[in-house]
Amino acid sequence: MLITISTPNLSTEYKQLIEATYEQSTSTYVVFVGDGVYAPALNTEFFEQLVNTVKSTVKDESTLNLSFLSRDAATRGANLPEHINPISHKELAAISAKNQHWIPLS
């Protein structure tokens with residue numbers, strides 16, 4: 001499943017959806033795009049807790065795939081935590097092609 005986040009502010013419902021998706025899916029990708037690259041900084045506690053929860057409950061860390069479009073972050077001057085991976089538009093296209101189910105959060 002691919003979740004794209006293009007909003008810097010995550011509602012409680014969005015956070016619950018992200019948590020539930022990680023609990024149910026063996027391979028979930030969350031990609032921060034556009035203004036969404038600010039979301040990790042504005043929701044630091046939530047994403048740190050998510051990373052720690054997934055690492056403690058799942059042996060395969062590849063289940064946690066947090067990425068951001070590097071061009072969007074550079075354009076906006078956003079600094080992202082090191083546990084979130086920079087990707088290109090080409091890499092996003094490849095992730096999109098792998099996933100039948102997409103959820104855009106904006």
S.K.: If I take atom CD from residue E19 and atom CD from residue Q24, how far apart are they, to the nearest 0.5 angstrom?
M.R.: 12.5 Å

S.K.: Quick check: does any side chain N or O of Q49 sit under 3.5 Å from a backbone N or O of F46, one acting as donor and the other as acceptor?
M.R.: no

S.K.: Got a second to check how far L69's CG is from R76's CZ, nearest 0.5 Å?
M.R.: 9.5 Å

S.K.: Where do V37 and A78 come nearest, in terms of heavy atoms and distance?
M.R.: CG2-CB, 3.8 Å

S.K.: Start with the C-alpha gap between L2 and T28, add the side-chain angles, then the distance that decides, and say whether side chain to side chain contact (heavy atoms under 4.5 Å, CB included) holds.
M.R.: CA-CA 6 Å; L2 170 61; T28 298; over 6 Å; no

S.K.: In sequence, state the C-alpha distance, the side-chain angles, and the governing distance for I5 and V30, and then conclude on side chain to side chain contact (heavy atoms under 4.5 Å, CB included).
M.R.: CA-CA 7 Å; I5 298 175; V30 173; 3.6 Å; yes

S.K.: Report yes if some heavy atom in the side chain of N52 is under 4.5 Å from a heavy atom in the side chain of L50; otherwise report no.
M.R.: no

S.K.: Do F47 and L10 come close enough that some side-chain heavy atom pair is under 4.5 Å?
M.R.: yes

S.K.: Mind checking side-chain contact (heavy atoms from CB on, under 4.5 Å) for R71 and listing every partner two or more places apart, or none if nothing turns up?
M.R.: T75, H89

S.K.: Same hydrophobic cluster for L80 and Y14, using side-chain heavy-atom links shorter than 4.5 Å among ILVMFWY?
M.R.: yes

S.K.: Find the distance between CD (E48) and NE2 (H83) and round it off to the nearest 0.5 Å.
M.R.: 6.5 Å

S.K.: Output yes when a side-chain donor or acceptor of S67 lies under 3.5 Å from a complementary backbone atom of P86, and no otherwise.
M.R.: no

S.K.: CD1/I84 to CG/N65 distance, rounded to the nearest 0.5 angstrom?
M.R.: 12.0 Å

S.K.: Any side-chain heavy atom of N9 within less than 4.5 Å of one from L42?
M.R.: yes

S.K.: For the residue pair F32 and P40, establish whether any side-chain heavy-atom pair is separated by less than 4.5 Å.
M.R.: yes

S.K.: Determine, using the 4.5 Å side-chain heavy-atom cutoff (strictly less than), whether Y22 and L105 are members of one ILVMFWY cluster.
M.R.: yes

S.K.: Show the numbers, then the answer: is there a side chain to side chain contact (heavy atoms under 4.5 Å, CB included) between Y29 and M1?
M.R.: CA-CA 6 Å; Y29 295 85; M1 177 165 309; over 6 Å; no

S.K.: Do L66 and N85 come close enough that some side-chain heavy atom pair is under 4.5 Å?
M.R.: no

S.K.: I need the T12 OG1 to L17 CG distance, nearest 0.5 Å.
M.R.: 12.5 Å

S.K.: Tell me the closest heavy-atom pair linking A39 and T7, and the distance in Å.
M.R.: CB-O, 3.7 Å

S.K.: Quick one, V31 and L92 - any side-chain contact, counting heavy atoms below 4.5 Å?
M.R.: yes

S.K.: What residues, two or more places apart in sequence or in another chain, satisfy ring pair (Phe, Tyr, Trp, His ring centres under 6.0 Å) together with F68?
M.R.: none

S.K.: Do T21 and I3 touch side chain to side chain, with heavy atoms closer than 4.5 Å?
M.R.: yes

S.K.: I'd like to check S96 versus W102 (side-chain heavy atoms, cut-off strictly below 4.5 Å). Are they in contact?
M.R.: yes

S.K.: Which atom pair, heavy atoms only, marks the closest approach of S27 to N99?
M.R.: O-OD1, 4.5 Å

